[in-house]
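Letters A, B, ... are given to chains in the order of the sequence lines, protein chains preceding strands, and every chain is numbered from 1. Note: hydrogens, waters and symmetry copies are ignored here, and every other heavy atom, side chains too, is used. Remember, predicted model here, so these are calculated numbers, not experimental data.
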Amino acid sequence: MGKITFFLSVLVIVGFAREEGDKTSENLQTACLQCHQKEQIPSSLIYRRYLMHYSTPERISEAMFRYLKAPKRENSIMPPQFFLKFPMKRKIERNDAELKAYIHRYIEAFDVKKKLVLP
Amino acid sequence: MLQSEKRSLLRFLLIYMGSTFLLFSIASWLFYTSAKHHILDTQKEALKYESQKIETTLRTLHQSGSDRLVYPVMKDADSAIYDLDRHYIFGTFKKPPRLDKKEKHRLSYVVEVEPYYLGAAYLLLSKPIDMAPLHALQRNVVLFMLFAGLFFAILGYYLGRLFIAPMRESIRQMNHFIQDTTHELNTPISTILTNIEMIETFGECDGSREELQRIEIASKTLSRIYDDLTYLNLNHQYHRQIIDLDMSRLVEERMVYFSAMAEAKRLQIEVDMEPVVVLKMDKNDAVRLIDNLLSNAIKYNKPKGLLYVKLTKHYFSVKDGGVGIRKKDLLGIMQRFKRANTSEGGFGIGLDIVNQVVNSYDFVLHIESKLHQGTEVKVQWEK
(Lines give C-alpha, C1' and ligand atoms only; values in the text may rest on other atoms or scores of the structure.)
Protein backbone atom coordinates (compact mmCIF):
# COMPACT_ATOMS: atom_id res chain seq x y z
CA MET A 1 0.00 0.00 0.00
CA GLY A 2 2.82 2.31 0.96
CA LYS A 3 4.61 1.56 -2.31
CA ILE A 4 1.46 2.33 -4.33
CA THR A 5 1.04 5.65 -2.45
CA PHE A 6 4.71 6.56 -3.13
CA PHE A 7 4.42 5.63 -6.85
CA LEU A 8 1.25 7.71 -7.23
CA SER A 9 2.90 10.65 -5.46
CA VAL A 10 5.88 10.53 -7.84
CA LEU A 11 3.54 10.42 -10.86
CA VAL A 12 1.63 13.47 -9.59
CA ILE A 13 4.87 15.46 -8.94
CA VAL A 14 6.41 14.59 -12.34
CA GLY A 15 3.14 15.41 -14.11
CA PHE A 16 2.90 18.76 -12.30
CA ALA A 17 6.49 19.65 -13.10
CA ARG A 18 6.03 18.81 -16.79
CA GLU A 19 2.89 20.93 -16.86
CA GLU A 20 4.79 23.85 -15.27
CA GLY A 21 7.64 23.47 -17.74
CA ASP A 22 5.30 23.37 -20.67
CA LYS A 23 3.54 26.39 -19.26
CA THR A 24 6.83 28.39 -19.00
CA SER A 25 7.93 27.30 -22.44
CA GLU A 26 4.56 28.26 -23.73
CA ASN A 27 4.89 31.61 -21.98
CA LEU A 28 8.34 32.19 -23.56
CA GLN A 29 6.87 31.21 -26.90
CA THR A 30 3.88 33.50 -26.58
CA ALA A 31 5.68 36.30 -24.77
CA CYS A 32 8.82 36.48 -26.89
CA LEU A 33 9.48 34.04 -29.68
CA GLN A 34 6.06 34.24 -31.30
CA CYS A 35 6.63 37.87 -32.16
CA HIS A 36 10.24 37.14 -33.22
CA GLN A 37 9.01 34.48 -35.60
CA LYS A 38 6.29 36.71 -36.91
CA GLU A 39 8.73 39.54 -37.62
CA GLN A 40 11.32 36.99 -38.83
CA ILE A 41 13.81 38.20 -36.25
CA PRO A 42 16.65 35.60 -36.01
CA SER A 43 16.63 34.69 -32.31
CA SER A 44 19.46 32.18 -32.66
CA LEU A 45 21.64 34.75 -34.38
CA ILE A 46 20.93 37.30 -31.67
CA TYR A 47 21.84 34.77 -28.97
CA ARG A 48 25.08 33.80 -30.71
CA ARG A 49 25.97 37.47 -31.02
CA TYR A 50 25.39 37.98 -27.30
CA LEU A 51 27.35 34.81 -26.56
CA MET A 52 30.30 35.88 -28.68
CA HIS A 53 30.36 39.26 -26.94
CA TYR A 54 29.59 38.40 -23.30
CA SER A 55 30.63 34.75 -22.96
CA THR A 56 28.78 33.85 -19.72
CA PRO A 57 25.00 33.41 -19.19
CA GLU A 58 25.10 35.92 -16.31
CA ARG A 59 26.72 38.63 -18.42
CA ILE A 60 24.41 37.88 -21.37
CA SER A 61 21.42 38.06 -19.03
CA GLU A 62 22.51 41.44 -17.66
CA ALA A 63 23.07 42.84 -21.16
CA MET A 64 19.70 41.58 -22.40
CA PHE A 65 17.93 42.94 -19.33
CA ARG A 66 19.56 46.31 -19.87
CA TYR A 67 18.38 46.38 -23.47
CA LEU A 68 14.86 45.17 -22.76
CA LYS A 69 14.40 47.77 -20.05
CA ALA A 70 15.52 50.50 -22.44
CA PRO A 71 15.47 49.27 -26.04
CA LYS A 72 17.77 51.68 -27.82
CA ARG A 73 20.41 51.24 -30.48
CA GLU A 74 23.10 52.13 -27.95
CA ASN A 75 22.02 49.31 -25.69
CA SER A 76 21.70 46.76 -28.44
CA ILE A 77 24.29 44.18 -29.37
CA MET A 78 23.10 44.17 -32.97
CA PRO A 79 24.77 46.32 -35.66
CA PRO A 80 23.01 49.52 -36.93
CA GLN A 81 22.15 47.81 -40.23
CA PHE A 82 20.03 45.33 -38.30
CA PHE A 83 17.56 48.09 -37.40
CA LEU A 84 17.17 49.08 -41.01
CA LYS A 85 15.57 45.72 -41.62
CA PHE A 86 13.95 45.04 -38.28
CA PRO A 87 11.93 47.46 -36.17
CA MET A 88 13.12 48.71 -32.80
CA LYS A 89 11.58 46.70 -30.03
CA ARG A 90 8.87 48.21 -27.85
CA LYS A 91 9.65 48.59 -24.16
CA ILE A 92 8.32 45.56 -22.30
CA GLU A 93 5.98 46.44 -19.51
CA ARG A 94 6.76 43.60 -17.12
CA ASN A 95 8.23 43.46 -13.67
CA ASP A 96 11.97 42.79 -13.37
CA ALA A 97 11.66 39.32 -11.88
CA GLU A 98 9.38 38.16 -14.66
CA LEU A 99 11.60 39.70 -17.31
CA LYS A 100 14.69 38.02 -15.85
CA ALA A 101 12.88 34.68 -15.80
CA TYR A 102 12.07 35.03 -19.51
CA ILE A 103 15.64 35.99 -20.28
CA HIS A 104 16.83 32.95 -18.35
CA ARG A 105 14.44 30.74 -20.37
CA TYR A 106 15.60 32.35 -23.58
CA ILE A 107 19.26 31.68 -22.79
CA GLU A 108 18.50 28.11 -21.75
CA ALA A 109 16.58 27.53 -24.95
CA PHE A 110 19.62 28.39 -27.08
CA ASP A 111 22.36 27.23 -24.67
CA VAL A 112 25.38 25.89 -26.63
CA LYS A 113 26.30 23.46 -23.89
CA LYS A 114 23.27 21.40 -24.84
CA LYS A 115 24.29 21.37 -28.48
CA LEU A 116 27.98 20.51 -28.05
CA VAL A 117 28.83 16.83 -28.52
CA LEU A 118 31.91 14.72 -28.93
CA PRO A 119 32.30 12.91 -32.24
CA MET B 1 105.58 7.96 -0.72
CA LEU B 2 105.90 9.53 2.72
CA GLN B 3 102.93 9.70 5.07
CA SER B 4 102.92 13.51 4.91
CA GLU B 5 102.98 13.38 1.10
CA LYS B 6 100.03 10.97 1.07
CA ARG B 7 98.12 13.24 3.44
CA SER B 8 98.87 16.31 1.33
CA LEU B 9 97.91 14.51 -1.88
CA LEU B 10 94.66 13.28 -0.31
CA ARG B 11 93.78 16.75 0.97
CA PHE B 12 94.55 18.27 -2.41
CA LEU B 13 92.45 15.64 -4.19
CA LEU B 14 89.55 16.14 -1.79
CA ILE B 15 89.53 19.91 -2.28
CA TYR B 16 90.14 19.64 -6.02
CA MET B 17 87.54 16.94 -6.62
CA GLY B 18 85.06 18.59 -4.26
CA SER B 19 85.27 21.95 -5.96
CA THR B 20 85.30 20.37 -9.42
CA PHE B 21 82.26 18.24 -8.56
CA LEU B 22 80.43 21.28 -7.19
CA LEU B 23 81.25 23.32 -10.27
CA PHE B 24 80.23 20.55 -12.65
CA SER B 25 77.05 19.88 -10.69
CA ILE B 26 76.01 23.51 -10.99
CA ALA B 27 76.96 23.63 -14.68
CA SER B 28 75.16 20.32 -15.38
CA TRP B 29 72.08 21.46 -13.49
CA LEU B 30 71.97 24.72 -15.42
CA PHE B 31 72.43 22.84 -18.68
CA TYR B 32 69.78 20.25 -17.72
CA THR B 33 67.28 22.94 -16.73
CA SER B 34 67.89 24.87 -19.93
CA ALA B 35 67.68 21.75 -22.14
CA LYS B 36 64.56 20.54 -20.28
CA HIS B 37 62.85 23.88 -20.88
CA HIS B 38 63.81 23.68 -24.52
CA ILE B 39 62.29 20.19 -24.84
CA LEU B 40 59.10 21.25 -23.03
CA ASP B 41 58.89 24.39 -25.14
CA THR B 42 59.12 22.28 -28.28
CA GLN B 43 56.30 20.07 -27.02
CA LYS B 44 54.33 23.15 -26.06
CA GLU B 45 54.74 24.50 -29.56
CA ALA B 46 52.79 21.48 -30.82
CA LEU B 47 49.98 22.33 -28.39
CA LYS B 48 50.07 25.92 -29.55
CA TYR B 49 49.67 24.80 -33.13
CA GLU B 50 46.73 22.56 -32.13
CA SER B 51 45.13 25.44 -30.26
CA GLN B 52 45.04 27.50 -33.44
CA LYS B 53 43.24 24.67 -35.23
CA ILE B 54 40.70 24.35 -32.42
CA GLU B 55 40.10 28.11 -32.40
CA THR B 56 39.31 27.94 -36.11
CA THR B 57 36.90 25.04 -35.51
CA LEU B 58 35.22 26.92 -32.65
CA ARG B 59 34.59 29.86 -34.95
CA THR B 60 33.14 27.60 -37.62
CA LEU B 61 30.90 25.90 -35.07
CA HIS B 62 29.79 29.23 -33.64
CA GLN B 63 28.84 30.55 -37.03
CA SER B 64 27.12 27.34 -38.17
CA GLY B 65 24.05 27.79 -35.92
CA SER B 66 23.57 24.04 -36.06
CA ASP B 67 21.71 22.16 -33.32
CA ARG B 68 24.52 19.61 -33.12
CA LEU B 69 27.96 21.12 -32.61
CA VAL B 70 30.70 18.48 -32.86
CA TYR B 71 33.58 19.51 -30.63
CA PRO B 72 37.07 18.96 -32.17
CA VAL B 73 39.05 16.09 -30.67
CA MET B 74 42.87 15.76 -30.81
CA LYS B 75 44.66 12.45 -31.10
CA ASP B 76 47.11 12.73 -28.22
CA ALA B 77 45.87 15.74 -26.26
CA ASP B 78 42.77 16.86 -24.40
CA SER B 79 41.16 20.25 -24.64
CA ALA B 80 38.40 22.22 -22.95
CA ILE B 81 36.79 25.62 -23.28
CA TYR B 82 35.96 27.96 -20.39
CA ASP B 83 33.84 31.08 -20.24
CA LEU B 84 34.96 34.52 -19.13
CA ASP B 85 34.34 33.63 -15.47
CA ARG B 86 36.52 30.54 -15.92
CA HIS B 87 33.60 28.15 -15.74
CA TYR B 88 33.88 24.96 -17.72
CA ILE B 89 31.80 24.87 -20.91
CA PHE B 90 32.82 21.73 -22.74
CA GLY B 91 35.85 19.57 -23.41
CA THR B 92 37.33 16.15 -23.98
CA PHE B 93 38.58 15.59 -20.41
CA LYS B 94 37.02 12.73 -18.50
CA LYS B 95 37.03 14.94 -15.42
CA PRO B 96 36.92 18.67 -16.21
CA PRO B 97 40.07 20.22 -14.68
CA ARG B 98 40.34 23.66 -13.16
CA LEU B 99 41.77 26.17 -15.58
CA ASP B 100 44.69 27.17 -13.36
CA LYS B 101 45.51 23.69 -12.08
CA LYS B 102 48.88 22.31 -13.19
CA GLU B 103 49.56 18.61 -13.14
CA LYS B 104 53.08 17.29 -12.62
CA HIS B 105 53.35 14.94 -15.58
CA ARG B 106 51.13 16.84 -17.97
CA LEU B 107 51.91 19.77 -20.18
CA SER B 108 49.21 22.46 -20.15
CA TYR B 109 48.69 25.40 -22.43
CA VAL B 110 46.02 28.03 -21.92
CA VAL B 111 45.16 30.49 -24.64
CA GLU B 112 42.78 33.40 -24.37
CA VAL B 113 40.14 33.38 -27.08
CA GLU B 114 38.56 36.51 -28.42
CA PRO B 115 35.86 37.00 -29.64
CA TYR B 116 34.22 34.39 -27.44
CA TYR B 117 33.14 31.83 -30.02
CA LEU B 118 30.65 29.46 -28.33
CA GLY B 119 31.18 31.60 -25.23
CA ALA B 120 34.78 30.34 -24.88
CA ALA B 121 37.09 32.96 -23.37
CA TYR B 122 39.81 30.45 -22.55
CA LEU B 123 40.99 27.35 -24.33
CA LEU B 124 42.91 24.78 -22.31
CA LEU B 125 45.05 22.15 -24.00
CA SER B 126 46.76 19.43 -22.04
CA LYS B 127 48.72 16.33 -22.86
CA PRO B 128 51.06 13.94 -21.01
CA ILE B 129 54.69 15.06 -21.16
CA ASP B 130 56.74 12.94 -23.54
CA MET B 131 59.34 11.71 -21.06
CA ALA B 132 61.60 9.90 -23.59
CA PRO B 133 63.70 12.96 -24.54
CA LEU B 134 63.91 14.01 -20.88
CA HIS B 135 65.12 10.55 -19.86
CA ALA B 136 67.70 10.64 -22.66
CA LEU B 137 68.84 14.06 -21.43
CA GLN B 138 69.13 12.83 -17.82
CA ARG B 139 71.14 9.81 -19.00
CA ASN B 140 73.49 12.03 -21.00
CA VAL B 141 74.02 14.41 -18.06
CA VAL B 142 74.77 11.51 -15.68
CA LEU B 143 77.18 9.95 -18.21
CA PHE B 144 78.88 13.32 -18.70
CA MET B 145 79.27 13.73 -14.94
CA LEU B 146 80.72 10.23 -14.65
CA PHE B 147 83.24 10.67 -17.47
CA ALA B 148 84.13 14.19 -16.35
CA GLY B 149 84.53 12.95 -12.77
CA LEU B 150 86.80 10.12 -13.92
CA PHE B 151 88.83 12.41 -16.17
CA PHE B 152 89.28 15.05 -13.50
CA ALA B 153 90.08 12.45 -10.85
CA ILE B 154 92.96 11.15 -13.02
CA LEU B 155 94.01 14.71 -13.89
CA GLY B 156 93.80 15.69 -10.22
CA TYR B 157 95.95 12.75 -9.21
CA TYR B 158 98.69 13.71 -11.68
CA LEU B 159 98.39 17.40 -10.79
CA GLY B 160 98.62 16.51 -7.12
CA ARG B 161 101.76 14.48 -7.76
CA LEU B 162 103.12 17.42 -9.72
CA PHE B 163 102.30 19.89 -6.95
CA ILE B 164 103.85 17.86 -4.18
CA ALA B 165 107.02 17.26 -6.21
CA PRO B 166 108.70 20.47 -4.88
CA MET B 167 107.67 19.46 -1.36
CA ARG B 168 109.17 16.01 -1.93
CA GLU B 169 112.34 17.65 -3.24
CA SER B 170 112.50 19.89 -0.16
CA ILE B 171 112.05 16.91 2.14
CA ARG B 172 114.78 15.06 0.24
CA GLN B 173 117.09 18.05 0.53
CA MET B 174 116.31 18.40 4.21
CA ASN B 175 117.11 14.73 4.78
CA HIS B 176 120.39 15.12 2.91
CA PHE B 177 121.13 18.30 4.81
CA ILE B 178 120.59 16.58 8.15
CA GLN B 179 122.80 13.66 7.05
CA ASP B 180 125.49 16.03 5.78
CA THR B 181 125.30 18.18 8.91
CA THR B 182 125.73 15.23 11.22
CA HIS B 183 128.59 13.98 9.06
CA GLU B 184 130.20 17.42 8.78
CA LEU B 185 130.00 18.00 12.49
CA ASN B 186 131.08 14.50 13.33
CA THR B 187 134.38 14.66 11.42
CA PRO B 188 135.93 17.74 13.14
CA ILE B 189 134.52 16.79 16.54
CA SER B 190 136.01 13.30 16.22
CA THR B 191 139.30 14.85 15.09
CA ILE B 192 139.35 17.18 18.08
CA LEU B 193 138.47 14.43 20.55
CA THR B 194 140.96 11.94 19.10
CA ASN B 195 143.82 14.46 19.11
CA ILE B 196 143.01 15.61 22.64
CA GLU B 197 143.10 11.95 23.74
CA MET B 198 146.47 11.52 22.03
CA ILE B 199 147.85 14.59 23.81
CA GLU B 200 146.49 13.30 27.11
CA THR B 201 147.96 9.83 26.48
CA PHE B 202 151.40 10.86 25.24
CA GLY B 203 151.67 14.07 27.14
CA GLU B 204 152.40 17.54 25.85
CA CYS B 205 155.69 17.52 24.02
CA ASP B 206 157.22 18.76 20.78
CA GLY B 207 155.54 15.92 18.87
CA SER B 208 152.10 17.17 19.86
CA ARG B 209 152.37 20.12 17.51
CA GLU B 210 150.76 18.05 14.74
CA GLU B 211 147.84 17.08 17.00
CA LEU B 212 147.33 20.72 17.95
CA GLN B 213 147.34 21.70 14.27
CA ARG B 214 144.65 19.07 13.57
CA ILE B 215 142.59 20.40 16.48
CA GLU B 216 143.00 23.92 15.10
CA ILE B 217 141.84 22.83 11.63
CA ALA B 218 138.87 20.92 13.05
CA SER B 219 137.90 23.85 15.29
CA LYS B 220 138.10 26.26 12.38
CA THR B 221 136.02 23.91 10.28
CA LEU B 222 133.37 23.85 13.02
CA SER B 223 133.52 27.60 13.32
CA ARG B 224 133.11 28.02 9.57
CA ILE B 225 130.15 25.62 9.49
CA TYR B 226 128.54 27.62 12.27
CA ASP B 227 129.21 30.92 10.48
CA ASP B 228 127.86 29.65 7.16
CA LEU B 229 124.72 28.23 8.70
CA THR B 230 124.13 31.38 10.73
CA TYR B 231 124.66 33.50 7.63
CA LEU B 232 122.19 31.46 5.61
CA ASN B 233 119.63 31.41 8.38
CA LEU B 234 119.85 35.07 9.41
CA ASN B 235 120.82 36.63 6.10
CA HIS B 236 117.46 38.35 5.58
CA GLN B 237 117.50 39.81 9.13
CA TYR B 238 121.16 40.76 9.10
CA HIS B 239 121.91 44.47 9.29
CA ARG B 240 124.94 45.18 7.12
CA GLN B 241 127.53 47.75 8.08
CA ILE B 242 129.07 49.07 4.91
CA ILE B 243 132.57 50.33 5.46
CA ASP B 244 135.65 51.01 3.37
CA LEU B 245 137.10 47.54 3.59
CA ASP B 246 140.69 46.76 2.78
CA MET B 247 140.25 43.56 0.83
CA SER B 248 144.01 42.97 0.47
CA ARG B 249 144.46 42.79 4.22
CA LEU B 250 141.33 40.70 4.66
CA VAL B 251 142.39 38.15 2.02
CA GLU B 252 145.78 37.92 3.71
CA GLU B 253 144.10 37.31 7.09
CA ARG B 254 141.86 34.61 5.66
CA MET B 255 144.84 32.97 3.90
CA VAL B 256 146.52 32.74 7.29
CA TYR B 257 143.31 31.38 8.75
CA PHE B 258 143.22 28.60 6.11
CA SER B 259 146.97 28.03 6.09
CA ALA B 260 146.74 25.05 8.42
CA MET B 261 144.19 23.35 6.16
CA ALA B 262 146.24 24.10 3.05
CA GLU B 263 149.35 22.91 4.74
CA ALA B 264 147.68 19.68 5.75
CA LYS B 265 147.01 19.03 2.05
CA ARG B 266 150.47 20.27 1.15
CA LEU B 267 149.11 22.68 -1.40
CA GLN B 268 151.29 24.87 -3.51
CA ILE B 269 150.02 28.38 -2.80
CA GLU B 270 150.52 31.31 -5.12
CA VAL B 271 149.19 34.73 -4.17
CA ASP B 272 149.08 37.68 -6.48
CA MET B 273 147.54 40.72 -4.81
CA GLU B 274 147.55 44.41 -5.45
CA PRO B 275 148.56 46.15 -2.21
CA VAL B 276 145.49 48.25 -1.38
CA VAL B 277 142.19 47.14 -2.81
CA VAL B 278 139.40 48.96 -0.98
CA LEU B 279 135.74 48.08 -1.40
CA LYS B 280 132.60 49.50 0.19
CA MET B 281 131.36 46.32 1.80
CA ASP B 282 130.21 44.65 5.00
CA LYS B 283 133.08 42.76 6.59
CA ASN B 284 131.09 39.63 7.38
CA ASP B 285 129.88 39.40 3.77
CA ALA B 286 133.45 39.71 2.53
CA VAL B 287 134.66 37.06 4.98
CA ARG B 288 131.92 34.65 3.87
CA LEU B 289 132.79 35.28 0.23
CA ILE B 290 136.54 34.77 0.65
CA ASP B 291 136.22 31.86 3.11
CA ASN B 292 133.88 29.86 0.94
CA LEU B 293 135.97 30.30 -2.17
CA LEU B 294 139.20 29.44 -0.34
CA SER B 295 137.56 26.56 1.51
CA ASN B 296 136.19 25.04 -1.71
CA ALA B 297 139.53 25.48 -3.49
CA ILE B 298 141.34 23.69 -0.64
CA LYS B 299 138.70 21.01 -0.11
CA TYR B 300 138.36 19.98 -3.77
CA ASN B 301 142.04 20.39 -4.60
CA LYS B 302 144.33 17.45 -5.21
CA PRO B 303 147.06 16.79 -2.61
CA LYS B 304 150.06 18.98 -3.49
CA GLY B 305 147.83 20.77 -5.97
CA LEU B 306 148.00 24.42 -6.93
CA LEU B 307 146.04 27.13 -5.11
CA TYR B 308 146.27 30.39 -6.97
CA VAL B 309 144.73 33.49 -5.39
CA LYS B 310 144.59 36.79 -7.22
CA LEU B 311 143.18 40.13 -6.07
CA THR B 312 143.08 43.26 -8.18
CA LYS B 313 141.03 46.43 -8.16
CA HIS B 314 138.73 44.73 -10.68
CA TYR B 315 138.30 41.21 -9.40
CA PHE B 316 139.11 38.49 -6.91
CA SER B 317 139.94 35.06 -8.26
CA VAL B 318 140.64 31.69 -6.67
CA LYS B 319 141.96 28.90 -8.85
CA ASP B 320 142.58 25.29 -7.85
CA GLY B 321 144.05 22.28 -9.57
CA GLY B 322 141.40 19.93 -8.25
CA VAL B 323 138.69 17.61 -9.43
CA GLY B 324 136.81 20.20 -11.51
CA ILE B 325 133.12 20.34 -12.32
CA ARG B 326 131.25 18.76 -15.22
CA LYS B 327 129.92 21.27 -17.76
CA LYS B 328 126.32 20.14 -17.25
CA ASP B 329 126.62 20.65 -13.46
CA LEU B 330 127.96 24.19 -13.79
CA LEU B 331 124.54 25.76 -14.37
CA GLY B 332 122.97 24.56 -11.14
CA ILE B 333 126.07 24.67 -9.00
CA MET B 334 124.95 27.84 -7.20
CA GLN B 335 121.68 26.38 -5.96
CA ARG B 336 121.44 25.72 -2.25
CA PHE B 337 122.34 22.14 -1.25
CA LYS B 338 123.56 21.44 -4.76
CA ARG B 339 126.77 19.48 -4.82
CA ALA B 340 128.48 18.63 -8.05
CA ASN B 341 130.97 16.43 -6.27
CA THR B 342 130.27 14.37 -3.18
CA SER B 343 133.79 13.03 -2.75
CA GLU B 344 134.35 15.59 0.00
CA GLY B 345 132.16 16.58 2.91
CA GLY B 346 129.94 19.64 2.79
CA PHE B 347 126.39 20.91 2.60
CA GLY B 348 126.38 22.40 -0.84
CA ILE B 349 125.76 25.86 0.61
CA GLY B 350 129.16 27.45 -0.07
CA LEU B 351 128.53 28.73 -3.59
CA ASP B 352 124.96 29.64 -2.60
CA ILE B 353 126.40 32.01 0.02
CA VAL B 354 128.96 33.35 -2.49
CA ASN B 355 126.13 33.93 -4.97
CA GLN B 356 124.03 35.75 -2.37
CA VAL B 357 126.91 38.09 -1.51
CA VAL B 358 127.64 38.66 -5.21
CA ASN B 359 123.99 39.52 -5.87
CA SER B 360 123.79 41.81 -2.82
CA TYR B 361 126.64 43.98 -4.12
CA ASP B 362 125.91 43.67 -7.83
CA PHE B 363 129.18 41.84 -8.41
CA VAL B 364 129.59 39.39 -11.26
CA LEU B 365 130.47 35.76 -10.68
CA HIS B 366 132.34 33.70 -13.28
CA ILE B 367 133.07 30.02 -12.86
CA GLU B 368 135.27 28.18 -15.28
CA SER B 369 136.06 24.56 -14.74
CA LYS B 370 137.55 21.59 -16.50
CA LEU B 371 136.97 18.12 -15.18
CA HIS B 372 140.07 16.65 -13.47
CA GLN B 373 142.00 19.82 -14.22
CA GLY B 374 140.63 22.41 -11.84
CA THR B 375 138.23 25.28 -11.29
CA GLU B 376 138.59 29.02 -11.33
CA VAL B 377 136.04 31.20 -9.57
CA LYS B 378 136.26 34.87 -10.30
CA VAL B 379 134.28 37.65 -8.63
CA GLN B 380 134.30 40.82 -10.65
CA TRP B 381 133.65 43.93 -8.56
CA GLU B 382 132.03 45.96 -11.29
CA LYS B 383 129.86 44.97 -14.23
Side-chain angles (χ1 to χ4, degrees), chain A residues 21 25 28-29 32-33 35-68 74-82 85-86 100 102-119, chain B residues 47 50-100 110-127:
Chain A
S25 299
L28 178 70
Q29 182 64 32
C32 307
L33 300 180
C35 189
H36 275 224
Q37 284 159 359
K38 191 179 165 187
E39 298 282 346
Q40 292 186 325
I41 297 168
S43 301
S44 171
L45 181 72
I46 293 170
Y47 169 76
R48 275 185 276 134
R49 199 164 173 85
Y50 268 102
L51 183 65
M52 193 171 75
H53 200 80
Y54 292 104
S55 176
T56 70
E58 293 78 16
R59 289 165 197 259
I60 294 170
S61 176
E62 278 173 26
M64 280 185 172
F65 181 76
R66 208 162 41 242
Y67 172 72
L68 292 174
E74 304 90 79
N75 292 341
S76 174
I77 190 83
M78 301 311 283
Q81 293 84 351
F82 182 82
K85 191 173 179 182
F86 301 104
K100 280 180 182 173
Y102 278 123
I103 291 169
H104 180 68
R105 284 288 167 202
Y106 176 82
I107 292 169
E108 270 204 337
F110 292 99
D111 191 4
V112 282
K113 282 186 187 176
K114 292 174 185 171
K115 296 177 184 175
L116 278 164
V117 289
L118 289 174
Chain B
L47 281 182
E50 289 295 332
S51 77
Q52 288 167 353
K53 287 206 288 188
I54 292 176
E55 271 188 74
T56 310
T57 312
L58 289 178
R59 189 176 62 192
T60 311
L61 289 174
H62 185 94
Q63 289 167 347
S64 73
S66 168
D67 285 340
R68 191 170 183 272
L69 305 171
V70 181
Y71 186 83
V73 173
M74 290 179 293
K75 197 178 170 186
D76 54 354
D78 287 309
S79 70
I81 49 175
Y82 295 79
D83 68 17
L84 202 54
D85 293 336
R86 295 173 170 260
H87 294 137
Y88 177 78
I89 300 174
F90 196 78
T92 59
F93 290 94
K94 284 178 185 169
K95 188 183 170 190
R98 271 174 46 205
L99 191 59
D100 52 357
V110 178
V111 58
E112 289 183 15
V113 183
E114 200 170 359
Y116 312 129
Y117 296 119
L118 301 179
Y122 300 100
L123 171 62
L124 167 70
L125 291 100
S126 173
K127 71 172 185 178

*Which residue out of A/Glu58, A/Arg48, A/Lys113, A/His53 racks up the most heavy-atom pairs below 4.5 Å with chain B?*
A/Arg48
*Relative to chain B, which segment of A/Phe110 carries a heavy atom at a distance below 4.5 Å: side chain, backbone, both, or neither?*
neither
*For the student: nearest non-hydrogen atoms of A/Lys115 and B/Ser66, plus distance*: CD-O, 3.5 Å
*In Å and rounded to the nearest 0.5 Å, what is the CD to CG distance from B/Gln63 to A/Leu45?*
10.5 Å
*Roughly how far apart are A/Leu118 CG and B/Phe90 CZ, rounded to 0.5 Å?*
4.0 Å
*Name the region of B/Tyr122, side chain, backbone, both or neither, that has any atom closer than 4.5 Å to a heavy atom of chain A.*
neither
*asked:* Exactly one of B/Leu118, B/Val113, B/Leu84 should register a side-chain contact (heavy atoms from CB on, under 4.5 Å) with A/Ser55. Which one does?
replied: B/Leu84
*Taking the side chain as every heavy atom from C-beta outward, state whether B/Leu69 and A/Val112 have any pair of such atoms under 4.5 Å apart.*
yes
*Which residue out of B/Val73, B/Ile81, B/Val70 racks up the most heavy-atom pairs below 4.5 Å with chain A?*
B/Val70
*B/Arg68 side-chain N/O to A/Leu116 backbone N/O, donor-acceptor pair under 3.5 Å*: no
*In terms of side-chain geometry, is the basic nitrogen of B/Asp67 or A/Lys114 positioned less than 4.0 Å from the acidic oxygen of its partner?*
no
